[in-house]
Amino acid sequence: MAAGRIVSVRSFGKAGFFVLSDGRARIQVYVRQDALSERDYQLSKLLDVGDQIGVRGHLFRTKTNELSIGAASLQFLAKCFLPLPEKWHGLQDVEIRYRQRYLDLIVNPDVRRVFELRTATVSAIRDVLKGHGFLEVETPMMQPIAGGALARPFVTHHNALDMKLYMRIAPELYLKRLTVGGVERVFEINRNFRNEGISTRHNPEFTMLEFYWAYVDYQRLMTFTEELLATVARQVTGSTELPYGEHTINMAAPFRRLSMRPAAAEAASVRLGASVSVDDLRGLDTARALAAKLGVEVPKGSGPGKITSLIFESLWDTDLIQPTFVYDFPTEVSPLSKQRPDDPDTVERFELYIGGFEVANAFSELNDPVEQRRRFEEQLAQHATGDHEAHAMDEDYVRALEYGMPPAGGEGVGIDRLVQVLSNSPSIRDVILFPLMRPRGDE
RNA sequence: GGGCGGGUAGCUCAGUGGUAGAGCAGGAGCCUUUUAAGCUUCUGGCCGUGGGUUCGAUCCCCACCCCGCUCACCA
């Protein structure tokens with residue numbers, strides 16, 4: 001007994017073959033007049049590609065050794081009224097593939113595999129985290145203050161309370177409140193929403209893993225991240241060698257490590273053919289001059305830290321194909337990270353790049369309420385100069401820190417982007433079942 | 001938002017300033033082990049939308065819509 005959709009028909013007068021798909025596997029069905037009732041035989045002649053049928057019969061191999069069901073009876077289940085895309089070229093038009101994903105799934109078997117891989121990835125991550133004693137939680141998606149990241153939020157309104165609400169841009173501040181509450185290992189895998197551009201690496205809603213781990217710092221997170229990603233890659237793809245476009249990405253530990261300021265200075269030296277020092281990046285005037293020479297646009301009000309990060313991204317970003325930790329960020333661009341004890345202008349933070357884009361962001365969490373308040377105030381000042389992405393003040397979060405938050409390392413991992421790397425998908429839309437599209441007139 | 005490319009049959013794609021083409025899909029016919037089955041035959045189109053140039057526009061020009069890539073913003 002089998003049931004599924006007819007994806008191919010080859011018929012010869014009084015006999016024929018159907019290929020039946022259950023969405024994952026395919027099997028051939030052999031029908032012949034003398035093996036079926038007259039009614040089922042007449043039915044078989046009316047069937048089209050796309051119809052859903054059930055088949056009863058015995059398994060056998062044809063003379064070409066194709067495993068087949070010799071049909072003894074047929075059951076008609078559903079009609080496909082609209083013609084399916086062509087069998088050989090499949091469905092190529094990406095607009096239809098994304099807007100009508102069901103067609104994409106019917107016609108292009110690899111699509112199903114990508115989404116199975118996505119689910120396997122999330123399961124593997126959960127297994128690793130649970131194995132380390134992390135508690136999975138859910139925190140608010142709708143927040144009165146959109147905190148935990150620097151991004152523009154979606155705004156909505158609650159009628160009964162007559163209040164402005166934001167779709168969250170990150171769960172960070174809620175998860176850290178939980179560490180204050182004694183949940184020393186905690187994580188969430190869920191959607192974030194950011195009201196920003198759409199590209200091959202950005203969808204307005206995307207899935208993020210965030211985890212917080214009390215009593216470890218960012219160094220420990222680096223080794224843990226190596227272990228996590230290598231394990232996930234092995235479990236999901238069977239290997240730590242991943243084809244990605246023209247490259248082969250090696251997900252085995254250890255990953256490359258680049259300290260941001262020296263790496264930016266070095267690349268700038270090469271680019272300009274003149275010696276650039278880390279100190280040039282630390283001074284406002286020298287950093288500005290350097291950005292100008294490199295053709296890097298600097299928004300008004302940017303300090304040397306912001307300029308350094310912009311210079312780094314313009315010089316390195318897309319070259320970081322192999323997994324690379326970029327670490328030790330300027331404090332100015334990291335309002336929630338803990339400073340290095342030996343250098344208050346630098347925080348214990350890293351971003352992990354794979355395939356030329358950022359996949360993870362992590363730091364030793366700032367748990368000093370006085371310093372946190374000062375950072376928020378600094379952000380408010382930047383907001384006043386027109387930076388829409390500056391972080392808002394969150395009084396309750398500061399109050400939570402005043403109760404004493406254990407030192408902790410925290411990390412966010414972009415699940416969609418990680419799945420892009422694992423599944424060799426050039427666009428984030430290839431790993432999101434229903435990516436956001438502008439509605440058309442008929443929808 | 002800027003730049004570049006694209007939009008022709010249900011799907012994959014050709015093509016031309018003068019009545020619009022192929023393959024697959026669909027209809028009819030033949031065929032009882034095929035696997036992109038085969039053969040015969042038929043059907044199928046506001047050539048993205050709206051203006052303009054022209055005797056005539058699917059083609060040339062302008063605007064707009066949608067998609068992709070890319071830059072900017074960001075993860």
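The chains referred to below are lettered A, B, ... by the order of the sequence lines, with proteins before strands, and numbering in each begins at 1. When reading the values below, keep in mind they use all heavy atoms of this one structure, side chains included, and skip hydrogens, waters and symmetry mates.
- A:R282 meets the salt bridge (charged side-chain N to carboxylate O under 4.0 Å, His left out) test with A:D343; sequence neighbours excluded.
- Separating the P atom of B:rC39 from that of B:rA25 is a span of 11 Å, rounded to the nearest Å.
- In this structure, the side-chain hydrogen bond (donor to acceptor under 3.5 Å, both in side chains) partners of A:D394, at least two apart in sequence or on a different chain, are A:R177.
- Not one side-chain nitrogen or oxygen of A:R97 sits closer than 4.0 Å to the OP1 or OP2 atom of B:rC67.
- The side chain of A:E196 lies closest to B:rA75 when the candidates are B:rA75, B:rC11, B:rU33.
- When heavy atoms are screened at a 4.0 angstrom cut-off, A:R152 is found touching no nucleic acid atom at all.
- A side-chain N or O of A:R349 and one of A:S334 form a donor-acceptor pair less than 3.5 Å apart.
- Checking B:rU33, B:rA25, B:rC11 against every side-chain atom of A:T62, the shortest atom distance belongs to B:rU33.
- Listed by chain and residue number, A:D104 satisfy the salt bridge (charged side-chain N to carboxylate O under 4.0 Å, His left out) test with A:R101 (two or more places apart in sequence, or in another chain).
- Scanning residues 30-45 of chain A for heavy-atom distances under 4.0 Å to RNA chain B yields A:Y30, A:R32, A:D34.
- Remark on RNA chain B: of its neighbouring residues A:I96 and A:R61, the 5'-side contact belongs to A:I96, judged by nearest-heavy-atom nucleotide.
- Using modelled atom types and a 3.5 Å distance limit, the side chains of A:Y98 and A:D430 yield a donor-acceptor pair.
- With sequence neighbours excluded, the residues that form a ring-ring contact (aromatic ring centres under 6.0 Å, His included) with A:F325 are A:F255, A:F350.
- Checking the phosphate oxygens (OP1, OP2) of B:rC66, a side-chain nitrogen or oxygen of A:R438 falls inside 4.0 Å.
- Picking from B:rG27, B:rC69, B:rC66 the nucleotide with the shortest atom distance to the side chain of A:R429 gives B:rC69.
- One atom, CD1 of A:I69, and another, C1' of B:rU33, lie 16 Å apart when rounded to the nearest Å.
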For nucleotides 45-50 of chain B, list the nitrogen or oxygen atoms of the protein found under 3.5 Å from its nitrogen or oxygen atoms, one pair per line.
none

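- Residue A:Q28 places a side-chain atom within donor-acceptor reach of the base of B:rU34, judged by atom type and a 3.5 Å distance cut-off alone.
- Atom P of B:rG26 sits at a distance of 35 Å from the matching atom of B:rG17, rounded to the whole Å.
- Considering only residues two or more places apart in sequence or on other chains, A:F134 meets the ring-ring contact (aromatic ring centres under 6.0 Å, His included) condition with A:F211, A:W213.
- Judged by ring centres under 5.5 Å apart and planes tilted less than 30 degrees, A:F206 stacks against the six-membered base ring of B:rA75.
- Residue A:T200 has a polar side-chain atom (N or O) positioned under 4.0 Å from OP1 or OP2 of B:rU70.
- Near RNA chain B, meaning a heavy atom under 4.0 Å from it, residues 243-254 of chain A has no residue at all.
- At a cut-off of 3.5 Å, with distance as the only test, no side-chain donor of A:T346 or A:Q339 sits close to an acceptor on the other residue.
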With the criterion being N/O to N/O and under 3.5 Å, what pairs connect the protein with nucleotides 36-43 of chain B, and how long is each?
{"unit_1": "B:rA37", "atom_1": "OP1", "unit_2": "A:K87", "atom_2": "NZ", "d": "2.4"}
{"unit_1": "B:rA37", "atom_1": "OP2", "unit_2": "A:R10", "atom_2": "NH1", "d": "3.0"}
{"unit_1": "B:rA37", "atom_1": "N6", "unit_2": "A:S11", "atom_2": "O", "d": "3.0"}

Side-chain polar contacts of residues 150-157 of chain A - donor-acceptor pairs under 3.5 angstrom, sequence neighbours left out - could you list them?
{"unit_1": "A:H157", "atom_1": "ND1", "unit_2": "A:N159", "atom_2": "OD1", "d": "3.1"}
{"unit_1": "A:H157", "atom_1": "NE2", "unit_2": "A:D162", "atom_2": "OD1", "d": "2.9"}

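- Side-chain atoms of A:I189 and A:L209, non-hydrogen and from C-beta on, do get closer than 4.5 Å to each other.
- For RNA chain B, if you chain together Watson-Crick or G-U pairs that step i with j, i+1 with j-1 and so on, the runs of at least three with distances under 3.5 Å are B:1-7 with B:65-71, B:10-13 with B:21-24, B:26-30 with B:38-42, B:48-52 with B:60-64.
- Considering only residues two or more places apart in sequence or on other chains, A:F17 meets the ring-ring contact (aromatic ring centres under 6.0 Å, His included) condition with A:Y30.
- Between the side chains of A:N203 and A:R429, no donor-acceptor pair of N or O atoms lies under 3.5 Å.
- In terms of position on RNA chain B, the residue among A:P83 and A:I198 whose nearest nucleotide sits closer to the 5' end is A:P83.
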